[in-house]
Amino acid sequence: MDDMDYGKLPPESADHFHHLDANLVATNALMATLDNIKATIDAKAMMCAYGSAGYGKTMSVNSALRKLAPDNTFRLELRSSPTPRDIRHGLFRALGLPGEPPTHPVEFDTLLKETLSQRFRVLVCDEAQWMGSSSFEYWRHLWDDRHTDMAVIFAGGDNCFKVLKKEPMLASRIFIWQKFSRIPEDELLATLPVFHSLWTGVPPQMLTDIDRDAAHGNFRNWVTITKHMLNGMQKLNLTEVNEDLVRWVYSKLGGM
């Protein structure tokens, strides 16, 4: 990622897995995220959006922040097992600070706190499940400072929740916990035709069967299946979804 783009919210076109050309649907989870992030911003608080991979955490958070704080949001994308040093350097890069990063932690922290006190910012830590307690504690250290003006949003897997809950000092500072889980079948049936025209007119029972067999209420799985369906229709010269196409798609998926 170019330094000019690092820290910025990605464009809406990057929301969908595989760069699928599809619509962003106002699911219950997405609307709940919008409400929760607005409350977190209003309170200048910390929020944790967590759950297993593929349930739309990052997409929902990014979509909400494009509406609520497009010019005040700064995102960190950290490597596996990040340390407080990694967070310092990630913030330095995301905030676009000039010059070279300070070499001493105390000097570095002073710079970051001074910067974060100048105006309100929303800091987003994506893939937060990779952080340990010391890294979460560093975020608390910045947020707790009486001069900084910020809200913090953690988006990560279940381990993000587990680590935070083991640390009462940290857990007590999380204003909102939002868990992402599988999309219910009734909501899925209403969502898929809006999500992509491929699914318009497909019998509900076929959608339910695909979900139970392969997608399991995971929207990232549905994006993958949709992409395979579109490729299969082109390859097999089909104009609509049928059982043969479904079987062809299943042949591309592991674990069937």
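Judged purely by distance below 3.5 Å, without hydrogens or angles, the side chains of Ser135 and Trp130 never pair a donor atom with an acceptor atom. Counted by atom type alone, His141 and Lys113 present one or more donor-acceptor pairs between their side chains at under 3.5 Å. Asp149 and Ser117 form no side-chain donor-acceptor contact under 3.5 Å, judged by distance and modelled atom types alone.
Residue Ser80 holds its OG atom at 12.0 Å from CE of Met131, rounded to the nearest 0.5 Å. Considering CZ of Arg121 and CG of Leu123, their distance stands at 8.0 Å, rounded to 0.5 Å. The distance from the CH2 atom of Trp143 to the OG1 atom of Thr148 is 9.0 Å, given to the nearest 0.5 Å. How far CG of Leu253 is from OG1 of Thr224: 7.5 Å, rounded to the nearest 0.5 Å. For the atom pair Leu20 CG and His196 NE2, the distance stands at 5.0 Å (nearest 0.5 Å). Between the CG atom in Asp145 and the CG atom in Leu116 there is a gap of 9.0 Å [rounded to 0.5 Å].
Here the closest heavy-atom approach between residue Pro193 and residue Ala190 is recorded as CD-O, 3.9 Å. Nearest heavy atom pair, residue Ala128 against residue Phe136, reads O-CZ, 3.6 Å. Closest approach of Ser60 to Leu30, counting heavy atoms only: OG-CA, 4.0 Å. Taking each heavy atom of Trp222 and Ala215 in turn, the nearest pair found is NE1-CB, 3.1 Å. Counting all heavy atoms, side chain and backbone alike, Pro204 lies closest to Leu189 at O-CD2, 3.7 Å. Taking both residues in full, the closest heavy atoms of Gly132 and Val163 are given as C-CG1, 4.0 Å, listed atom of the first, atom of the second, then distance.
Of the possible polar contacts, one joining the Lys57 side chain to the Gly51 backbone as a donor-acceptor pair under 3.5 Å is found. With hydrogens and angles disregarded, no donor-acceptor distance shorter than 3.5 Å links the side chain of Arg119 to the backbone of Asn72. Arg66 places a side-chain N or O within 3.5 Å of a backbone atom of Pro11 that can act as its donor or acceptor partner. Checked by atom type and distance alone, the side chain of Asn62 never pairs as donor or acceptor with a backbone atom of Glu12 at under 3.5 Å. Using a distance-only test at 3.5 Å, with no hydrogens or angles considered, no donor-acceptor pair links the side chain of Asn23 to the main chain of Val25. No donor-acceptor distance shorter than 3.5 angstrom exists from the side chain of Ser63 to the backbone of Met59, with no hydrogens or angles considered. Judged by distance alone, the side chain of Glu187 and the main-chain N or O of Asn28 form a donor-acceptor pair under 3.5 Å.
Between Asp42 and Lys38 there is a salt bridge, since at least one side-chain N of the basic residue sits less than 4.0 Å from a carboxylate O of the acidic one. At a threshold of 4.0 Å, the pair Asp86-Arg79 counts as salt-bridged, since one of the basic side-chain nitrogens sits closer than that to a carboxylate oxygen. A salt bridge is defined here as a Lys NZ or Arg NE, NH1 or NH2 lying under 4.0 Å from an Asp or Glu carboxylate O, and Asp211 with Arg182 meets this definition. Salt bridge Glu185/Arg212: present, at least one basic N to carboxylate O contact under 4.0 Å.
Through side-chain heavy atoms spaced under 4.5 Å, either directly or across other Ile, Leu, Val, Met, Phe, Trp or Tyr residues, Phe180 is tied to Tyr55.
Under a hydrophobic-cluster definition in which Ile, Leu, Val, Met, Phe, Trp and Tyr are linked whenever side-chain heavy atoms come within less than 4.5 Å, directly or via other members, Leu142 and Met169 are assigned to different clusters. Grouping the Ile, Leu, Val, Met, Phe, Trp and Tyr side chains by contacts below 4.5 angstrom, directly or via other members, places Leu238 with Leu192.
Under the salt bridge (Lys or Arg N to Asp or Glu O under 4.0 Å) criterion, Asp35 pairs with no residue, sequence neighbours left out. Applying the salt bridge (Lys or Arg N to Asp or Glu O under 4.0 Å) criterion to Arg173, with sequence neighbours excluded, gives Asp144.
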* Going through the distances and angles, do Leu170 and Trp139 end up as a side chain to side chain contact (heavy atoms under 4.5 Å, CB included)? -> CA-CA 9 Å; Leu170 300 174; Trp139 286 102; over 6 Å; no

* Intermediate values then yes/no, side chain to side chain contact (heavy atoms under 4.5 Å, CB included), Met229 and Val246 -> CA-CA 8 Å; Met229 288 281 183; Val246 171; 3.7 Å; yes

* Please walk me through it: do Thr226 and Phe195 pass side chain to side chain contact (heavy atoms under 4.5 Å, CB included)? -> CA-CA 10 Å; Thr226 303; Phe195 166 69; 3.8 Å; yes

* Asked: Checking salt bridge (Lys or Arg N to Asp or Glu O under 4.0 Å) for the pair Asp109/Arg88: CA distance, chi angles, key distance, verdict?
  -> CA-CA 8 Å; Asp109 291 350; Arg88 289 185 182 98; 2.7 Å; yes

* Asked: After noting the C-alpha distance and the side-chain angles of Phe154 and Tyr50, does the key distance pass the ring-ring contact (aromatic ring centres under 6.0 Å, His included) rule?
  -> CA-CA 8 Å; Phe154 301 116; Tyr50 68 98; over 10 Å; no

* **side chain to side chain contact (heavy atoms under 4.5 Å, CB included) between Asp244 and Leu236, intermediate numbers included** => CA-CA 10 Å; Asp244 288 339; Leu236 303 174; over 6 Å; no

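Using a 4.5 Å heavy-atom cutoff, the side chains of Ile225 and Trp199 are in contact. Side chains of Val122 and Met150 form no contact here, defined as non-hydrogen atoms less than 4.5 Å apart. The shortest distance between side-chain heavy atoms of Ile183 and Thr191 falls below 4.5 Å. Residues Ile153 and Cys125 fail the side-chain proximity criterion, which asks for heavy atoms closer than 4.5 Å. Counting heavy atoms from C-beta on, the side chains of Met206 and Glu243 come closer than 4.5 Å.
When each of Phe108, Tyr6, Tyr138 is checked for a ring pair (Phe, Tyr, Trp, His ring centres under 6.0 Å) with His89, only Phe108 meets the rule.
Counting non-hydrogen atoms of neighbouring residues, nucleotides and ligands closer than 6.0 angstrom, the CD atom of Gln234 reaches no more than 12 such neighbours.
Relative to the six-membered ring of Trp248, Lys235 misses at least one condition, a distance below 6.0 Å or an angle of at most 45° to the axis.
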